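The sequence lines fix the lettering, A, B, ..., with proteins before strands; numbering per chain opens at 1. On a predicted model such as this, the values are computed, not experimentally measured, just so you know. These numbers come from the heavy atoms of this one structure, side chains and all, not from hydrogens, waters or symmetry mates.
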There are 2 protein chains.
Amino acid sequence: MTKALRKPATNNALNVAHEISDRARDKREQIMQGALRTFLSNGYSASMDAIAAESGVAKQTLYSYFGAKEELFSALMDRLLEHFVHAGMTPELRSLPTQAFLRKLAQITLSQMDDWEYVSLMRLVIGESARFPELSELYLSRLVSPGIAKLAQYIRENDELAFGDPEAVARIMHGSLINFIIAQEILGGKHTMPMSRDRLINSLIDVILFAAQQSAQSR
Amino acid sequence: MTKALRKPATNNALNVAHEISDRARDKREQIMQGALRTFLSNGYSASMDAIAAESGVAKQTLYSYFGAKEELFSALMDRLLEHFVHAGMTPELRSLPTQAFLRKLAQITLSQMDDWEYVSLMRLVIGESARFPELSELYLSRLVSPGIAKLAQYIRENDELAFGDPEAVARIMHGSLINFIIAQEILGGKHTMPMSRDRLINSLIDVILFAAQQSAQSR
DNA sequence: GTCTATACATGGATAGAC
DNA sequence: GTCTATCCATGTATAGAC
């Protein structure tokens, strides 16, 4: 009914094709959202029945849009990874004083990762890394590696951060943040070994800036 | 035959019971080793058939020793976690100069983690953290938390490492090492974004020691 | 106590009506 | 294109012979 209102009059072949295409996109989207929730909740072992139920379509419909479970999964992961590729360092961020920049960057990084979808994605990527090594590779090359590279470049170009091995320092910073999320959010450390984000960030910045000062001094 | 040689003469009830108990222990051990390999390779989704085959026993035998799959899994994980509880800081280690101590500690930590069983365990713990939160909790409380606590204590008691928040600094150090293993060994970063352990360790020690000097100076 | 054979449920994937 | 009903393999768990 509402459909007739949106698209009245002409019923030529082209319009029909277009309408079908629109519908197909909607259904496809509907499936992907349901499948995403199901996979992120239950891992790759989520059943196609469960996905169909969560998506609100029949199981056969899944197979008409995606040939097999693995294809659906891959398509989803591709899209999800793409979604989390962040804007990176905006010019305004880079123009901040060093300390403010590092704090802001750490906060942004933690905020992005402290999210149900992101945390579930990490669990899935790590948990299925034996079965889907390509997924791990994609995760590293799309999300981890660029983040480290940008941070390393920032360190390299910043005179206040005169480290001998910017790449390694970037890994240390990034790694301590990622592991904080893994421990606190994925493994439940927020309950069994709680620590506020700010405490971690403060110490991380202290350590990096102090080290940078000393490093500059000792040259 | 050899059994008769080891345990000759008397065949009273007690001896028989003992012999049975010995055998049972052996079978149990045999099952656990096969199950361990299978679970670590294939995750919790490993089938009982596969475990029976790998263990070299019939499926029913699994069920006579462990009531159900989940019990077998739990028993295994308990034992494996216990196995990896390391000696910790030996007195001779603590007597080293600060820099040598930190380097040695980092090397030991990475060496312990860079091991097929340990890596597989981490993947399993993280991957199944939604299904088995108790396993995550056990992992944190037995392996992670004590390691961080000991390192924090060392920092606190060492005059050369005058940090304001030893606990947070310990997390940063520990976290960057753990995440290095996750990225390089679990996610395949050793191929796609290679970096030697020594580079990471060197930079980590540089950063910590430089920061400590500066921190002491600025008091 | 251990094996073979089997029961029962669930998984992925497909056939056929509409 | 979408649904219902079904196929077939595999999974956990158990029964019964030895």
Student: Any residue in residues 42-49 of chain B with a heavy atom nearer than 4.0 angstrom to DNA chain D? Just list them by number, or reply none.
Tutor: A46(B), S47(B), M48(B), D49(B)
Student: Can you list everything that forms a side-chain contact (heavy atoms from CB on, under 4.5 Å) with S176(A)? Sequence neighbours excluded, please.
Tutor: L204(A), I172(B)
Student: What residues, two or more places apart in sequence or in another chain, satisfy salt bridge (charged side-chain N to carboxylate O under 4.0 Å, His left out) together with R103(B)?
Tutor: none
Student: E71(B) CD to dT12(D) C1': how many Å, rounded?
Tutor: 13 Å
Student: S64(B) side chain: which of dT2(C), dG12(C), dG1(D) is closest?
Tutor: dT2(C)
Student: Under the salt bridge (charged side-chain N to carboxylate O under 4.0 Å, His left out) test, which residues partner D115(A), sequence neighbours left out?
Tutor: none
Student: Would you indicate which nucleotide in dT4(C), dG12(C), dC3(D) comes nearest to any side-chain atom of K69(A)?
Tutor: dG12(C)
Student: In whole angstrom, what separates I51(B)'s CD1 from dT10(D)'s P?
Tutor: 17 Å
Student: So, is T61(B) close to the dG1(C) phosphate, meaning a side-chain N or O under 4.0 Å from OP1 or OP2?
Tutor: no
Student: Could you tell me whether the side chain of S120(B) reaches within less than 4.5 Å of the side chain of R123(B), counting heavy atoms only?
Tutor: yes
Student: Tell me the interatomic distance from Y65(A), atom OH, to dA13(C), atom P, rounded to whole angstroms.
Tutor: 19 Å
Student: With K59(B), which residues qualify under salt bridge (charged side-chain N to carboxylate O under 4.0 Å, His left out), at least two apart?
Tutor: D49(B)
Student: Who passes salt bridge (charged side-chain N to carboxylate O under 4.0 Å, His left out) against E157(A), sequence neighbours left out?
Tutor: R94(A)
Student: Restricting to pairs with a member in residues 38-48 of chain B, which pass side-chain hydrogen bond (donor to acceptor under 3.5 Å, both in side chains), not counting sequence neighbours?
Tutor: none
Student: Applying side-chain hydrogen bond (donor to acceptor under 3.5 Å, both in side chains), which residue pairs with at least one partner in residues 132-145 of chain B are found, sequence neighbours left out?
Tutor: E82(B)-R142(B)
Student: Find the distance F66(A):CZ to dG12(C):C1' and express it as a whole number of Å.
Tutor: 16 Å
Student: Considering only nitrogen or oxygen atoms on both sides, find all protein atoms under 3.5 Å from nucleotides 14-16 of chain C and state each distance.
Tutor:
unit_1	atom_1	unit_2	atom_2	d
dT14(C)	O4	Q60(A)	OE1	3.4
dA15(C)	N6	Q60(A)	OE1	3.4

Student: Got a salt bridge between E70(A) and R131(A), using NZ or NE/NH1/NH2 to carboxylate O under 4.0 Å?
Tutor: no
Student: Whole Å only: how far is the CD atom of E70(B) from the P atom of dG11(D)?
Tutor: 18 Å
